[in-house]
Undergrad: 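I'd like to ask some things about the structure below.
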Amino acid sequence: MTRIFVPKDAAALALGADRVARALADAAARLGHVIEIVRTGSRGAVWLEPLVEVETAAGRVAYGPVAPRDVAGLLEAGLLDGGAHALRLGNPDGIPWLARQQRLTFARCGVVDPLSLADYRANGGLAGLEKAIALAPADMVEAVKASGLRGRGGAGFPTGIKWNTVRTASADRKYVVCNADEGDSGTFADRILIEGDPFTLIEGMAIAGLAVGATKGFIYLRSEYPHAFATLNEAIRVAEQAGILGDDVMGSGKTFRLEARLGAGAYICGEETALLESLEGKRGVVRAKPPIPALQGLFGRPTLVNNVLSFAAVPWILAHGAKAYADYGMGRSRGTMPVQLAGNVARGGLVELAFGVTLRQIVEDFGGGTRSSRPIRAVQVGGPLGAYFPATMLDLPLDYEALAAAKGMLGHGGIVVFDDTVDMAAQARFAFDFCAVESCGKCTPCRIGAVRGRETMDRVIAGESPAAHLALVEDLCELMTDGSLCAMGGLTPLPVLSAIRHFPEDFGRGGSLPAAAE
Amino acid sequence: MQRPEPWNAARASEIIAGLSGLEGATLPILHALQDAFGHVPDAAVPLVADALALSRAEVHGCLTFYHDFRRAPAGRHVVKICRAEACQSVGGEQAAADLLSRLGIDWHGTTADGALTVEPVYCLGLCACGPAALVDGVPVGRADADAVLATIEEHAP
């Protein structure tokens with residue numbers, strides 16, 4: 001019997017993976033081949049999806065991107081023995097796009113059956129939790145501190161310091177909450193991990209629970225990810241049955257339970273205090289800080305809130321040592337960052353690399369330029385609240401501080417590529433529009449500012465006194481930056497101002513408008 | 001796509017009772033009601049409020065805050081189309097405009113025959129294979145109007 005691996009990651013499904021799996025099963029049955037189709041997650045090479053792999057005597061052989069109509073020809077060419085074909089990519093680990101990455105967090109994604117604990121263990125899973133159980137909580141926290149890990153959700157706060165705050169807080173109960181409300185456009189690393197290797201997140205959260213003294217954890221997952229939700233719930237069930245979660249976490253005598261909760265389409269719930277309100281069953285309205293969630297979070301209890309990628313980095317750190325993790329990276333950005341390369345790009349997907357790589361290396365070397373084959377004009381880094389950079393700034397390194405110095409941010413690591421047909425005034429307008437749609441409404445700068453910003457941009461676009469109206473937009477941006485309660489209103493100015501600064505020719509200032517229009 | 005059940009207060013109470021023990025049960029309950037009935041009618045609000053010892057205003061506030069919850073039935077098929085930046089960069093807005101004009105509806109609209117509702121969504125996490133859509137829960141990548149309509153055909157009951 002031959003094992004064939006076909007991803008069931010949502011992006012692979014979006015490109016026809018289910019149809020390919022059905023075609024393989026049908027054709028094999030017709031030809032009398034005995035095959036077992038294993039549904040994996042994705043390795044993250046979305047441009048090669050559906051990426052089909054076959055287990056042969058010489059190891060796995062990959063083919064992609066496979067369409068259902070290719071299946072008959074592939075079987076004829078000896079797919080089951082790794083036979084030659086135009087779509088043959090050879091050993092998947094040798095595909096240059098994957099081989100040039102530094103996969104720590106995503107090492108298992110696309111390789112294993114996401115719900116097989118045997119696969120997970122065979123590929124290094126649970127080594128981190130086993131090591132953690134032998135340590136005192138303070139030493140677990142110390143390992144996370146020493147690794148230099150910073151919050152991968154966007155803010156970049158040192159993870160170990162947050163863990164220590166929760167660990168030393170005293171309360172009748174504490175919570176661990178995973179922010180899986182991955183709402184930024186251009187990001188999908190949380191989704192790929194949860195669909196492809198959910199036990200890594202579960203293991204990371206269990207370590208966190210033991211470290212900070214919490215017995216209950218929640219994973220707040222966005223409702224736009226129904227496939228991830230199904231996989232996650234099943235993985236939690238499997239982990240409970242195996243004693244990884246429950247009253248005696250892997251024989252440690254400690255309790256830790258997990259529950260996955262579905263969001264309901266509100267972008268603001270990716271903001272940690274709005275997320276906590278939502279988990280409590282309320283409107284996702286931002287809370288003023290202080291008190292910080294680490295001291296008064298969910299139901300008023302000390303709560304550790306981390307992003308999926310932060311928790312998912314922890315098992316590797318515990319298993320291999322803090323120093324091994326900190327050896328990757330540059331400056332104060334240690335370890336690896338799972339970058340998500342998206343939008344108008346020829347070879348998009350998940351690229352995990354040590355910090356310090358330049359945007360150009362990612363967008364050009366990995367991305368291969370635009371999908372439309374037109375010149376790159378702009379990249380937006382860090383989601384809808386991140387800055388637009390022109391093609392001339394692609395030598396910026398991927399590093400929290402370097403991007404902040406360039407008046408941008410790394411955010412959750414999404415990079416969206418635009419070709420030269422993009423209208424940057426429309427993108428600036430969209431930033432306000434998005435803020436108007438998604439603002440929780442609690443603070444005035446965000447609630448009203450977004451609407452006024454959109455209106456003012458409409459006037460700029462219509463050519464009504466663009467210079468005067470742009471001055472108003474810049475003034476409004478200053479107010480939103482300084483006066484908003486959270487990053488929604490506070491960072492919406494980043495895409496707006498970066499678009500105005502780097503692409504003035506799109507805002508009626510470049511002399512393209514007749515003087516009368518002024 | 002599974003047909004929603006007609007509204008039934010006893011059935012709703014049963015669903016609510018099954019979940020009201022959860023910590024912060026409001027969202028799980030509203031999701032479960034919408035899964036069953038296709039929307040959350042106003043008649044559900046006092047039932048949820050009573051079960052969770054909340055005011056009707058609090059439940060109403062929650063119901064109306066989140067984009068996902070519908071207070072009126074949708075069409076038999078629901079198409080969610082991404083309008084965020086990554087999909088914009090590959091012509092998503094044009095593809096969506098084509099679909100809407102072929103259907104003769106606007107965003108959030110339902111076709112006159114009640115067959116189809118189109119809703120905007122800001123990111124489906126399919127950003128490296130946009131424009132992206134979710135058709136009755138089935139993801140569609142590199143989507144255009146034809147691909148969306150073909151997916152409905154393929155998965156039609």
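Just so you know, these numbers use all the heavy atoms, side chains as well, and skip hydrogens, waters and symmetry mates. To find a chain, count down the sequence lines: A is the first, B the second, and so on, and within it residues start at 1.
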Undergrad: Any chance you could measure B/L63, atom CG, to B/L33, atom CG, to the nearest 0.5 Å?
TA: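 Reported value, rounded in 0.5 Å steps: 9.5 Å.
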
Undergrad: Side chain, backbone, both or neither: which part of A/S372 has a non-hydrogen atom closer than 4.5 Å to chain B?
TA: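 No part of A/S372 comes within 4.5 Å of chain B.
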
Undergrad: Is it the side chain or the backbone of A/E259 that comes within 4.5 Å of chain B heavy atoms, both, or neither?
TA: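 Only the side chain of A/E259 comes within 4.5 Å of chain B.
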
Undergrad: Do the charged groups of B/E119 and B/R70 touch, with an N to O distance under 4.0 Å?
TA: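 Salt bridge flag = yes for B/R70 with B/E119.
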
Undergrad: Quick one: what part of A/L262 sits under 4.5 Å from any heavy atom of chain B, side chain, backbone, both or neither?
TA: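 Contact with chain B is through both the backbone and side chain of A/L262.
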
Undergrad: Which heavy atom of A/T492 sits nearest a heavy atom of A/F432, and at what distance?
TA: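 That would be CG2-CD2, 4.1 Å.
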
Undergrad: Does anything in residues 216-225 of chain A reach chain B? List residues with heavy atoms under 4.5 Å apart, or say none.
TA: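 Checking residues 216-225 of chain A against chain B gives A/K216, A/F218, A/Y220, A/R222, A/S223, A/E224, A/Y225.
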
Undergrad: Measuring heavy-atom distances to chain B, does A/Q340 have an atom under 4.5 Å in its side chain, in its backbone, in both, or in neither?
TA: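 No part of A/Q340 comes within 4.5 Å of chain B.
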
Undergrad: What residues of residues 51-61 of chain B sit under 4.5 Å from chain A when you count only heavy atoms?
TA: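 When heavy atoms of chain A are the reference, residues 51-61 of chain B contributes B/G61 within the under-4.5 Å range.
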
Undergrad: Which atoms of A/P226 are under 4.5 Å from chain B, going by heavy atoms: the side chain, the backbone, both sets, or neither?
TA: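 For A/P226, the side chain is the part near chain B, not the backbone.
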
Undergrad: Between chain B and each of A/G348, A/G441, A/G186, count heavy-atom pairs under 4.5 Å; write down the option with the most.
TA: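 Option with the greatest count: A/G186.
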
Undergrad: Heavy-atom cut-off 4.5 Å, strictly under: side chain, backbone, both or neither for A/V437 against chain B?
TA: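 Interface part for A/V437: both.
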
Undergrad: I'd like to know if A/R301 and A/D172 make a salt bridge, using a cut-off of under 4.0 Å between side-chain N and carboxylate O.
TA: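 Looking at A/R301 and A/D172, the cut-off is met.
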
Undergrad: Among B/V78, B/V140, B/L116, which residue meets the side chain to side chain contact (heavy atoms under 4.5 Å, CB included) test with B/V135?
TA: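 Testing B/V135 for a side chain to side chain contact (heavy atoms under 4.5 Å, CB included) against B/V78, B/V140, B/L116 leaves exactly one candidate, B/V140.
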
Undergrad: Is A/R377 close to chain B through its backbone or its side chain, or both, or neither, when contacts mean heavy atoms under 4.5 Å?
TA: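 No part of A/R377 comes within 4.5 Å of chain B.
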
Undergrad: Counting heavy-atom pairs under 4.5 Å to chain B, which of A/E49, A/E182, A/R19, A/R347 comes out on top?
TA: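 Highest number of pairs under 4.5 Å: A/R19.
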
Undergrad: Please confirm whether the backbone N or O of B/P41 pairs with a side-chain atom of B/W7, one donor and one acceptor, at under 3.5 Å?
TA: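 It does not hold such a pair.
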
Undergrad: Would the distance check show the side chain of A/K442 and the main-chain N or O of A/V286 forming a donor-acceptor pair, the cut-off being under 3.5 Å?
TA: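 At least one qualifying donor-acceptor pair exists.
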
Undergrad: Between B/Y66 and A/S278, is any side-chain donor less than 3.5 angstrom from a side-chain acceptor?
TA: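 A donor-acceptor contact under 3.5 Å links the two side chains.
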
Undergrad: Does any backbone or side-chain atom of A/E280 lie under 4.5 Å from a heavy atom of chain B? Answer side chain, backbone, both or neither.
TA: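 Backbone of A/E280 only, per the 4.5 Å heavy-atom cut-off to chain B.
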
Undergrad: Between A/L341 and chain B, with a heavy-atom cut-off of 4.5 Å, which part of the residue counts as in contact: side chain, backbone, both or neither?
TA: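 Backbone only.
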
Undergrad: Please classify the contact of A/C269 with chain B as side chain, backbone, both or neither, using a heavy-atom distance under 4.5 Å.
TA: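 Interface part for A/C269: side chain.
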
Undergrad: For residues A/Y267 and B/H67, establish whether the separation of their ring centroids is below 6.0 Å.
TA: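 That pair fails the under 6.0 Å test.
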
Undergrad: I'd like to know if A/R22 pairs up with B/E154 as an ion pair, taking the criterion as any Lys NZ or Arg NE/NH1/NH2 lying under 4.0 Å from an Asp or Glu carboxylate oxygen.
TA: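 A salt bridge is present here (some side-chain N lies under 4.0 Å from a carboxylate O).
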
Undergrad: Go through B/V138, B/L124, B/T64 and name the one with the most non-hydrogen pairs under 4.5 angstrom from chain A.
TA: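 Highest number of heavy-atom pairs under 4.5 Å: B/L124.
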
Undergrad: In terms of heavy-atom pairs under 4.5 Å, which option from A/G183, A/A431, A/A264, A/G265 contacts chain B the most?
TA: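 Looking at each option in turn, the highest pair count goes to A/A264.
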
Undergrad: Testing the basics here: between A/A450 and A/A436, what is the closest heavy-atom pair and its distance to 0.1 Å?
TA: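 Nearest heavy atoms, A/A450 then A/A436: CB-N, 3.4 Å.
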
Undergrad: Taking all non-hydrogen atoms of both residues into account, name the closest pair between B/A147 and B/D144 and its distance.
TA: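 Result for this residue pair: N-OD1, 2.8 Å.
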
Undergrad: Does any backbone or side-chain atom of A/T421 lie under 4.5 Å from a heavy atom of chain B? Answer side chain, backbone, both or neither.
TA: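 Nothing of A/T421, per the 4.5 Å heavy-atom cut-off to chain B.
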
Undergrad: Top residue by heavy-atom pair count (under 4.5 Å) with chain A, among B/C129, B/G137, B/A84?
TA: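 Most heavy-atom pairs within the cutoff with chain A belong to B/C129.
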
Undergrad: Please determine if A/R191 and A/D9 form a salt bridge, counting it only when a charged side-chain N lies under 4.0 Å from a carboxylate O.
TA: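 Answer for the salt bridge query: yes.
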
Undergrad: Does a side chain donor of either B/Y122 or A/E438 reach within less than 3.5 Å of an acceptor in the other side chain?
TA: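 B/Y122 vs A/E438: no donor-acceptor pair found between side chains.
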
Undergrad: Could you state the interatomic distance from CG (B/L22) to CG (A/L279), rounded to the nearest 0.5 Å?
TA: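 Result: 11.5 Å between the selected atoms.
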
Undergrad: Check each atom of A/L350 against the heavy atoms of chain B and say whether the ones under 4.5 Å are side chain, backbone, both or neither.
TA: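 Nothing of A/L350, per the 4.5 Å heavy-atom cut-off to chain B.
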
Undergrad: Can you see whether A/Q427 engages B/Q88 through a side-chain donor-acceptor pair at a distance of less than 3.5 angstrom?
TA: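 Side chains of A/Q427 and B/Q88: pair found under 3.5 Å.
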
Undergrad: Can you tell me if B/Q34 and B/H39 form a side-chain donor-acceptor pair at under 3.5 Å?
TA: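 Distance-only check fails for B/Q34 and B/H39.
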
Undergrad: Do A/S498 side-chain atoms and A/A387 backbone N/O form a donor-acceptor pair below 3.5 Å?
TA: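 Checked: no pair found.
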
Undergrad: So for A/D184, is it side chain, backbone, both, or neither that comes closer than 4.5 Å to the heavy atoms of chain B?
TA: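 The answer is the backbone of A/D184.
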
